[in-house]
Amino acid sequence: MQEKVIIYQVFTRLFGNQKTPRKANGTVDDNGCGKFNDLDAAVLSRIRQMGVTHVWFTGVIRHATITDYTQYGIPRQTPMVVKGRAGSPYAITDYYDVDPDMAVDVDRRMEEFEAMVERTHRAGMKVIIDFVPNHVAREYHSICKPSMVRDLGEDDDRNLHFSTANNFYYCWGNALDTSLLPDSEGPRYEEAPAKATGNDHFDNRPGANDWYETVKLNYGIDYCDAGGRSEHFCPIPDTWSKMTHILLFWASKGIDAFRCDMAEMVPAAFWHWATDKVKYAYPEVKFIGEVYNPAEYRNYIGAGFDYLYDKVGMYDCLRDVVCQRRWAADITRQWQVNDDIRSHMLYFLENHDEQRIASDFFAGDARKAIPGVIVAAWLLPSPFMLYAGQEFGERGMDEEGFSGLDGRTTIFDYWSVDTVRRGFFERRKQKKAERQLEQQYAQILKAANEEDALREGDMYDLMYVNPQLSERQFAFLRKRGKQLVLVVANFSGEDVACEVRIPRHVFEFWQMKGCDVMAADLISGETVTVSLQPDQSVPMRVPCYGGRAYKMILP
């Protein structure tokens with residue numbers, strides 16, 4: 001049986017934090033911090049019961065922070081090159097260490113992380129962590145690397161802008177100019193010669209909107225030669241070997257998959273080389289790529305990626321349909337353009353980079369996206385991902401500090417998430433609307449694996465013969481064996497009485513015969529008699545911001 005991958009993203013620093021009240025720009029003492037231990041057996045069991053198969057623990061590798069851990073031998077970072085008090089989880093300071101904020105006993109932080117991994121496996125789920133390959137924190141220095149490993153940049157020739165033996169790019173003869181960076185407490189940060197900034201900014205003067213807290217890693221591409229960009233992959237660049245060793249280090253700790261940050265900013269040639277070595281040693285390990293350029297999808301799948309974000313396709317489309325900026329019929333085009341790689345496309349409606357559905361910047365009401373969740377989770381066998389709090393209608397409308405009021409849950413500040421706190425740790429305080437939304441998500445996600453047709457069945461898009469549905473409804477069939485499911489998602493704010501035509505081609509293609517059959521709605525639980533006949537219609541009433549899913553067992 002092929003499992004439908006359902007990923008639950010946990011921003012680990014925030015998830016278990018129950019401290020209130022909070023204050024903007026608060027320290028860890030002011031606002032508290034979630035711990036690895038907060039994800040105990042009971043919490044993980046609740047996540048699993050929702051239908052989740054994989055947990056993505058975001059931000060666990062040690063990254064730059066203003067918080068002082070020098071008493072534990074951990075180098076302190078200069079505030080000028082740290083975003084927020086807690087810092088960005090994508091400004092890694094030690095690839096071989098975990099974040100001390102999330103440990104009860106800082107000296108035993110790796111043991112606490114490993115115990116969380118083991119608990120997750122015992123709960124029946126697999127573990128995903130971030131791999132951040134494109135850039136590191138300005139003050140990267142590993143104190144936990146194995147003794148035989150040379151640190152990134154340790155052997156660089158800083159007089160060279162580019163060399164395949166170097167791990168970083170240098171602006172020869174120029175110190176880092178910090179005049180455009182935001183004001184910060186503490187001393188000025190000094191770097192000479194300046195290193196290239198993580199978002200491919202190759203001079204010594206990054207701005208406030210650059211990834212100024214990071215430096216770009218060198219995978220053998222010279223971005224500033226006479227031709228503008230040249231590849232130097234023979235001999236193998238030193239960075240390739242170092243980063244592959246890091247992947248193998250984490251795979252040895254039982255990590256089941258890596259979510260690879262900004263994967264397309266690293267050459268596909270490296271991924272060919274690295275994924276081959278990791279999968280040879282750990283055949284079950286998966287790679288998930290954050291790739292935004294559809295023209296590169298097949299290139300990166302060929303380089304060893306199992307799944308890729310479908311952000312600029314399906315996410316953007318579903319968001320626009322929810323917000324009434326596109327017709328529902330446009331969903332057809334989004335799956336069709338990637339039909340040959342459909343099993344590799346990861347669908348989602350929220351993650352840490354995107355605005356919360358319930359925020360004022362998106363839909364303003366989490367219920368409006370339920371039809372989008374139905375489509376994303378049930379349309380194809382491809383993976384589906386949700387972000388902790390999404391299932392409770394988290395609004396992301398806090399002004400936490402560095403993050404500001406932008407409809408996103410902060411990744412830079414010490415904070416707690418109200419809906420997550422109530423949903424997992426203070427259930428008696430949970431609001432009725434939160435419980436109802438959670439039940440809807442659980443119903444959809446569990447069915448995605450429990451129903452054969454939804455888990456791995458064939459799909460038939462019905463929109464081409466149902467133009468009357470084009471604007472606010474989307475209809476499709478899923479079939480496996482004798483199980484057939486007819487799904488209609490209603491993006492409208494009104495209940496809709498509709499008739500869904502089943503074309504003759506469906507009967508011919510799947511070698512079905514016309515019949516009258518009992519159908520159970522997977523959403524409401526109601527049962528009806530359905531007359532399935534070629535070129536005839538099935539009548540149904542679909543609730544606002546909801547759906548119908550008629551499950552039928554064919555004779």
Side-chain angles (χ1 to χ4, degrees), residues 1-4 314 328-343 345 347 371 373-382 384 443-470 472-490 496-543 546-555:
M1 183 182 78
Q2 179 182 338
E3 182 181 62
K4 167 87 172 185
M314 191 59 79
D330 194 50
I331 295 168
T332 297
R333 179 180 178 276
Q334 301 311 319
W335 72 258
Q336 285 180 339
V337 296
N338 293 316
D339 192 32
D340 60 316
I341 53 173
R342 58 164 66 183
S343 62
M345 303 314 298
Y347 293 162
V373 175
I374 290 171
V375 171
W378 286 357
L379 180 63
L380 293 170
S382 51
F384 174 73
Q443 190 176 42
I444 295 166
L445 300 183
K446 286 192 289 187
N449 260 312
E450 291 175 354
E451 304 298 337
D452 292 351
L454 298 180
R455 183 182 63 250
E456 50 188 328
D458 296 328
M459 187 273 289
Y460 194 103
D461 190 323
L462 294 170
M463 295 304 289
Y464 79 102
V465 290
N466 289 279
Q468 77 281 6
L469 302 178
S470 296
R472 303 303 299 150
Q473 290 80 43
F474 187 81
F476 59 96
L477 291 165
R478 296 292 303 276
K479 182 180 184 296
R480 179 170 172 78
K482 292 185 177 298
Q483 187 185 97
L484 179 72
V485 182
L486 168 61
V487 181
V488 179
N490 180 17
V496 173
C498 61
E499 297 203 355
V500 183
R501 183 184 174 197
I502 312 298
R504 183 174 298 275
H505 182 257
V506 167
F507 293 83
E508 296 171 349
F509 183 67
W510 280 337
Q511 298 181 337
M512 291 165 40
K513 295 181 179 180
C515 61
D516 291 344
V517 63
M518 290 297 295
D521 183 10
L522 296 174
I523 296 174
S524 69
E526 299 171 359
T527 57
V528 297
T529 300
V530 171
S531 180
L532 279 176
Q533 301 294 336
D535 291 327
Q536 299 300 309
S537 296
V538 176
M540 62 174 67
R541 188 171 185 84
V542 190
R548 287 278 183 256
Y550 283 174
K551 171 187 171 182
M552 296 162 274
I553 305 300
L554 303 176

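The figures that follow rest on heavy atoms only: side chains count, while hydrogens, waters and symmetry mates do not. Please read all numbers here as calculations on a predicted model, not as lab measurements. Numbers here simply count residues along the sequence, with the first being 1.
- A pairwise comparison of heavy atoms in Gly457 and Pro381 identifies O-CG, 4.2 Å as the closest pair.
- With a 4.5 Å cut-off on side-chain heavy atoms, Val488 and Met540 count as touching.
- In this structure Phe507 satisfies the ring-ring contact (aromatic ring centres under 6.0 Å, His included) test with no other residue, sequence neighbours excluded.
- A 4.5 Å side-chain heavy-atom check between Val373 and Phe384 finds at least one atom pair inside the cut-off.
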Return all side-chain donor-acceptor pairs below 3.5 angstrom for residues 546-555, not counting sequence neighbours, or 'none' if the list is empty.
| unit_1 | atom_1 | unit_2 | atom_2 | d |
| --- | --- | --- | --- | --- |
| Arg548 | NE | Arg541 | O | 2.9 |
| Arg548 | NH1 | Asp521 | OD2 | 3.1 |
| Arg548 | NH2 | Arg541 | O | 3.2 |
| Lys551 | NZ | Glu451 | OE1 | 2.9 |

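- Of the inter-residue distances, the one linking Arg480 atom CZ with Leu454 atom CG reads 12.0 Å to the nearest 0.5 angstrom.
- Residues Met463 and Leu469 have side chains in contact (heavy-atom distance under 4.5 Å, counting atoms from C-beta outward).
- Although no hydrogens or angles enter the test, the distance criterion places a donor-acceptor pair under 3.5 Å between the side chain of Lys4 and the main chain of Leu380.
- Judged as a side chain to side chain donor-acceptor pair (under 3.5 Å), and not counting sequence neighbours, the contacts of Gln468 are Asn466.
- Distance check: Met512 CE to Arg504 CZ gives 12.0 Å after rounding to the nearest 0.5 Å.
- In this structure, CG on Leu484 lies 7.5 Å from NZ on Lys479, to the nearest 0.5 angstrom.
- Here the CD-CG distance, from Gln483 to Asp452, works out to 5.0 Å after rounding to the nearest 0.5 Å.
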Identify all side-chain donor-acceptor contacts of residues 525-532 below 3.5 Å with residues at least two apart in sequence or on another chain.
| unit_1 | atom_1 | unit_2 | atom_2 | d |
| --- | --- | --- | --- | --- |
| Ser531 | OG | Asp516 | OD1 | 3.0 |

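- Thr332 has its side chain out of reach of Phe476: every pair of non-hydrogen atoms, C-beta onward, lies at least 4.5 Å apart.
- Taking the side chain to side chain donor-acceptor pair (under 3.5 Å) definition, one finds that Ser382 meets it with nothing, sequence neighbours left out.
- The line from CE of Met314 to CG of Asp330 is 9.0 Å long, rounded to the nearest 0.5 Å.
- Inter-residue side-chain proximity for Trp378 and Val485 is flagged as unmet; no heavy-atom pair is nearer than 4.5 Å.
- Listed by chain and number, the residues in a side chain to side chain donor-acceptor pair (under 3.5 Å) with Arg342 are Asp339 (sequence neighbours excluded).
- Atom CZ of Arg501 and atom CG of Leu462 lie 10.5 Å apart (nearest 0.5 Å).
- Classified by interplanar angle (parallel below 30°, tilted 30° to 60°, perpendicular above 60°), the ring pair Tyr464/Tyr460 is tilted.
- Listed here is the closest heavy atom pair of Asp461 and Ala475: OD1-O, 3.8 Å.
- A 4.5 Å side-chain heavy-atom check between Glu508 and Pro503 finds every atom pair outside the cut-off.
- Of all non-hydrogen atoms in Ala489 and Val375, the two that sit nearest each other are CB-CG2, 3.9 Å.
- Side-chain contact between Trp510 and Leu477: present, with at least one pair of heavy atoms (C-beta onward) separated by less than 4.5 Å.
- Looking only at side-chain heavy atoms (C-beta outward), Pro534 and Ile502 stay at 4.5 Å or farther from each other.
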